[in-house]
J.: 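Before anything else, here's the structure in question.
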Amino acid sequence: MAPSSCLQLSSFRPLSSIFSPSSSLRLSKSVTTRISLSISNPYPNLSLSLSRFGTRDIHQHAHSFRLKTSNFLRTEGNTVEAGAAGNVAQASTTVSQEDVLEWVKKDKRRLLHVVYRVGDLEKTIKFYTECLGMKLLRKRDIPEERYTNAFLGYGPEDSHFVVELTYNYGVPKYDIGTGFGHFGITVEDVSKTVDLIKAKGGKVTREPGPVKGGDTVIAFIEDPDGYKFELLERGPTPEPLCQVMLRVGDLDSSISFYEKAFGMELLRKRDSPEYKYTVAMMGYGPEDKNPVLELTYNYGVTKYDKGNGYAQIAVGTDDVYRTAEAIRLCGGKITREPGPLPGISTKITACLDPDGWKTVFVDNIDFVKELE
């Protein structure tokens, strides 16, 4: 083996085939996890990479050391010991809950797009462009996977929140379920927009008027697939696509999760006891300039049918690996381990919140390169 080679340890057992009894690798299960590695290395420039060890995930951020961790270091017990003698290369790192959650607050995050399925892509594109004033930003067909995507919004994807429509070949209809609420769009004149939608054959489910318990003029419409859009009368804003509303079963638990694991702020919370619901606006900045996630709790309802129409929200992050750590620490479920997508270099990780709503985190730099 040449001195610059990389030693890859892809299996945990048997340790005796890799280490001698004299050195130590210790992993301790605690809130603060300390990992110390002492290994003899007859090749001074040798880079050691540890991939998958057992069942427990511990992400290593050891970029400043000559220890490289290509995925996660895992162990099945409270302590693991292994070793070798000779020249010693040492690396250690401390990962605490406080460190990870503090990093989440500093991470550069924003809502990228919301993904959902439609039965007639061309019909939906026409409705969004002619009635809602969106622009078709790009379209991609993946015939080998039998689906087509269309991205629409009010500005370029590298700076705006957009919708990603998915059409699966031969599937004309989806069940929206009871958990998904609506999308929100700001317009300067709700009545004028409603008149246009009616003229184009669109469906209006709530005529323009003040919101219950407030002064903001709103209206509700449905797109060709039955997805609801709330039209909110506001002045000019850089983000007209302003809301995604999802229903949750435990509002305080959801707020805590999105604050800690996602780094969102609780922008405002409104309780309406006369109508038996409470809403919480969560986001990465003020509502007049940024899209928000509107969480709605209906009194006494703890569970909803999610259907198969709505898919997920995508959020940008500087580090999908640390993001996955934070989600685990906060009780979220990782449904896709962090790493690059097959065939392209874009790194992502996917998770579920306490109610089972899916979010995909996308590496910020990779996302910009993908758009190019």
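In what follows, every heavy atom counts, from backbone to side chain, and hydrogens, waters and symmetry copies are set aside.
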J.: How would you list all residue pairs meeting ring pair (Phe, Tyr, Trp, His ring centres under 6.0 Å) that involve residues 327-351, not counting sequence neighbours?
T.: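 Non-adjacent pairs meeting ring pair (Phe, Tyr, Trp, His ring centres under 6.0 Å): zero.
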J.: Under the side chain to side chain contact (heavy atoms under 4.5 Å, CB included) rule, collect the residues that match up with Glu265, sequence neighbours excluded.
T.: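 Per chain and number, Glu265 pairs via side chain to side chain contact (heavy atoms under 4.5 Å, CB included) with Leu267.
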J.: Are the charged groups of Lys269 and Asp252 less than 4.0 angstrom apart, N to O?
T.: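 Asp252 and Lys269: salt-bridged.
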J.: Is there any side chain to side chain donor-acceptor pair (under 3.5 Å) pair reaching into residues 210-220, and which pairs are they, with sequence neighbours excluded?
T.: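 Qualifying pairs, neighbours excluded: none.
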J.: Give me the other members of the hydrophobic cluster that Ile344 sits in, counting Ile, Leu, Val, Met, Phe, Trp and Tyr linked by side-chain heavy atoms under 4.5 Å, directly or via other members.
T.: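 Grouped by the 4.5 Å side-chain rule, Leu112, Leu341, Ile348, Val360, Val362, Phe367, Leu371 form the rest of the cluster around Ile344.
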J.: Quick one: do the Tyr169 and Asp141 side chains pair a donor with an acceptor below 3.5 Å?
T.: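 A donor-acceptor contact under 3.5 Å links the two side chains.
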J.: Only counting residues at least two apart or in another chain, list the ones meeting side chain to side chain contact (heavy atoms under 4.5 Å, CB included) with Ile334.
T.: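 Ile334 satisfies side chain to side chain contact (heavy atoms under 4.5 Å, CB included) with Ala324, Ile327, Arg328, Glu337, Thr349, Cys351 once adjacent residues are dropped.
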J.: What is the ring orientation for Phe183 with Tyr227, classed by angle as parallel under 30°, tilted 30 to 60°, or perpendicular over 60°?
T.: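 Geometry flag for Tyr227 against Phe183: tilted rings.
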J.: For Ser272, give me all partners under side chain to side chain contact (heavy atoms under 4.5 Å, CB included), at least two apart in sequence or on another chain.
T.: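 Arg270, Glu274, Tyr275, Tyr277.
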J.: If a pair satisfies side chain to side chain donor-acceptor pair (under 3.5 Å) and one of its residues is in residues 172-181, list it, with sequence neighbours excluded.
T.: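 Sorted pair list: Asn168-Tyr174.
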J.: Does the side chain of Thr186 pick up a donor-acceptor pair with the side chain of Thr237 at under 3.5 Å?
T.: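 There is no such pair between these side chains.
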J.: What residues, two or more places apart in sequence or in another chain, satisfy side-chain hydrogen bond (donor to acceptor under 3.5 Å, both in side chains) together with Arg146?
T.: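 Applying side-chain hydrogen bond (donor to acceptor under 3.5 Å, both in side chains) to Arg146 gives none.
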J.: So Ile221 and Phe127, do their side chains get closer than 4.5 Å, heavy atoms only?
T.: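 Touching, per the 4.5 Å side-chain cut-off.
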J.: Return each pair, listed once, that meets side chain to side chain donor-acceptor pair (under 3.5 Å) where at least one residue sits in residues 360-369; pairs must be two or more places apart or across chains.
T.: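 Residue pairs with at least one partner in residues 360-369: Asp318-Asn364, Lys347-Asp366.
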J.: Under 3.5 Å, is there a donor-acceptor pair between the Thr124 and Asp223 side chains?
T.: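 Note: Thr124 and Asp223 side chains miss the donor-acceptor criterion.
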J.: Taking side chain to side chain contact (heavy atoms under 4.5 Å, CB included) as the test, write out the residues that go with Cys330, two or more places apart.
T.: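 Leu101, Phe257, Lys260, Ala261.
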J.: Would you please name every residue forming a salt bridge (Lys or Arg N to Asp or Glu O under 4.0 Å) with Arg336, sequence neighbours left out?
T.: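 Not a single residue meets the salt bridge (Lys or Arg N to Asp or Glu O under 4.0 Å) criterion with Arg336.
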J.: Would you indicate whether the side-chain heavy atoms of Met134 and Ile185 approach each other to under 4.5 Å?
T.: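 Of all side-chain heavy-atom pairs linking Met134 with Ile185, at least one is under 4.5 Å.
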J.: Counting only pairs under 3.5 Å, give me each side-chain donor-acceptor contact of residues 279-289, with atom names and distances, residues two or more places apart or in other chains.
T.:
from, atom 1, to, atom 2, distance (Å)
Tyr284, OH, Phe262, O, 2.7
Glu287, OE1, Arg268, NH2, 3.3
Glu287, OE2, Arg268, NE, 2.5

J.: Can you find a side-chain donor-acceptor pair between Ser254 and Asp353 that sits under 3.5 Å?
T.: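 No, because no side-chain N or O of Ser254 sits under 3.5 Å from a partner of the opposite role on Asp353.
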